[in-house]
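A short worksheet on the structure shown next.
Throughout, a chain's letter reflects where its sequence line sits, starting with A, and its residues are numbered from 1.
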Amino acid sequence: MTLEQGQQIELQVTPDPYVTVRYAGASGDFNPIHIDEQFARQVGLPGRILHGLWTMAQVARAHTDAAGGPDKLKRLSVQFRGMGRMGEEITVTGTVRALDGGFATVDSEARQSGRRIIRNGVAELLL
Amino acid sequence: MALSTQAVGKVYDPTTYAVGREKVKEYAAAVGETNPLYLDHEAARAAGFPDVVAPPMFAVVYAGRSVAPALFDPEVGLNFAAMVHGAQEFAWGPLVIAGDEIATTTTVKEISERGEMGFYVFESVSENQRGETVCTGLWTNIVRAIG
């Protein structure tokens, strides 16, 4: 698969109410803010929130799908902001900023209901 | 209040993680992956791999457990109640395949303060059974209102 400068990548996903439970089991991150509604509210959150690393996995998936497989993704860095919630669509967008030395550099972010929950995503993809 | 930076440079004992086929499938399903390389070992074999391929972000599974002792280390002194996961970076080498054994070593890379916030950066380096570096991770945790 070829990537061109300025090319856009996009992925949409709506996390279902139990995604954090499955992700906790799969990842080993059982922080109760992700799986216990009562605990989350007690610590001042509006309710259970998504794992940031689950959302980062959606950003990674947008890149590997666009680039043609897991071997293409050589680097990904992101900043987490705000809180991801269940039941609201997340849109990952990326733009190929540069092509150089056999790599594409892609800038990305993830938004949910107008809020950026991941920003300053930068990926290197093997061409 | 100044943060203690005495733990910077501290290296923790390596953890080893045996990558299992069903664990890879479970992880891939939990993050919504549909690529058969992750979910179907026959498809992975047909593509030339000995077993299912771990999605790149599976690094969270084999490297995350290596970072945990640093997070809980009193010498690091991270205040959990006020902590958020601020940033994450991974750099990947060769693919991780079910059947691999991954050894990860974590180092306290940086403890610093900016404004009222403390930044705790941990680095994980993961190698497979052939000594190839499969993933390097930078885990940045931010503690608010350290003063």
>> So which atom in Asp36(A) and which in Phe39(A) form the shortest heavy-atom distance, rounded to 0.1 Å?
In response: OD1-N, 3.0 Å
> Pick from Arg75(A), Glu124(A), Gln58(A): which one has the most heavy-atom pairs with chain B under 4.5 Å?
Replying inline: Arg75(A)
>> Only pairs of heavy atoms separated by less than 4.5 Å count here; which of Pro15(A), Gly25(A), Gly28(A) has the most with chain B?
In response: Gly25(A)
> Which residues in residues 85-95 of chain B have any heavy atom lying under 4.5 Å from a heavy atom of chain A?
Replying inline: His85(B), Gly86(B), Ala87(B), Gln88(B), Glu89(B), Phe90(B), Ala91(B), Trp92(B), Gly93(B), Leu95(B)
> Side-chain donor-acceptor pair under 3.5 Å between Thr106(B) and Ser66(B), yes or no?
Replying inline: yes
> Can you tell me if Asp73(B) and Tyr12(B) form a side-chain donor-acceptor pair at under 3.5 Å?
Replying inline: yes
> Which bit of Val31(B) comes within less than 4.5 Å of chain A, counting heavy atoms only: side chain, backbone, both or neither?
Replying inline: both
> With sequence neighbours excluded, what pairs up with Glu22(B) under the salt bridge (Lys or Arg N to Asp or Glu O under 4.0 Å) test?
Replying inline: Lys25(B)
>> If the contact rule is any heavy atom under 4.5 Å from chain B, which residues of residues 16-24 of chain A qualify, in numerical order?
In response: Val19(A), Arg22(A), Tyr23(A)
> Between Tyr38(B) and chain A, which part of the residue has a heavy atom less than 4.5 Å away: side chain, backbone, both or neither?
Replying inline: side chain
> Does atom NZ of Lys109(B) have more than 12 heavy-atom neighbours from other groups under 6.0 Å away?
Replying inline: no
> Honestly curious: do Ile33(A) and Leu71(B) fall in one hydrophobic cluster under the side-chain, below-4.5 Å linking rule?
Replying inline: no
>> With heavy-atom distances below 4.5 Å as the criterion, would you say the side chains of Met117(B) and Arg114(B) are in contact?
In response: no
> Phe80(B) and Phe30(A): same hydrophobic cluster, using ILVMFWY side-chain contacts below 4.5 Å?
Replying inline: no
>> So for Val78(A), is it side chain, backbone, both, or neither that comes closer than 4.5 Å to the heavy atoms of chain B?
In response: both
> Side-chain contact, heavy-atom cut-off 4.5 Å: Val60(B) with Met56(A)?
Replying inline: no
>> If you compare all heavy atoms of Val61(B) against all heavy atoms of Ser27(A), which two are closest, and at what distance to 0.1 Å?
In response: CG2-CA, 4.1 Å
>> To check you understand the geometry: which heavy-atom pair defines the closest contact between Gly52(A) and Ile118(A), and what is its length?
In response: O-CD1, 4.4 Å
>> Hydrogens and angles aside, do Arg41(A) and Gln38(A) bring a side-chain donor and acceptor to less than 3.5 Å of each other?
In response: no
> Any residues in residues 80-106 of chain A near chain B, with a heavy-atom distance under 4.5 Å, and which are they?
Replying inline: Phe80(A), Arg81(A)
> Should we say atom CD of Glu4(A) is surrounded by more than 12 heavy atoms from elsewhere, each under 6.0 Å from it?
Replying inline: no
>> So does Val59(A) get a backbone contact from the side chain of His63(A), meaning a donor-acceptor N/O pair under 3.5 Å?
In response: yes
>> For a 4.5 angstrom cut-off between non-hydrogen side-chain atoms, does Pro70(A) reach Pro55(B)?
In response: no
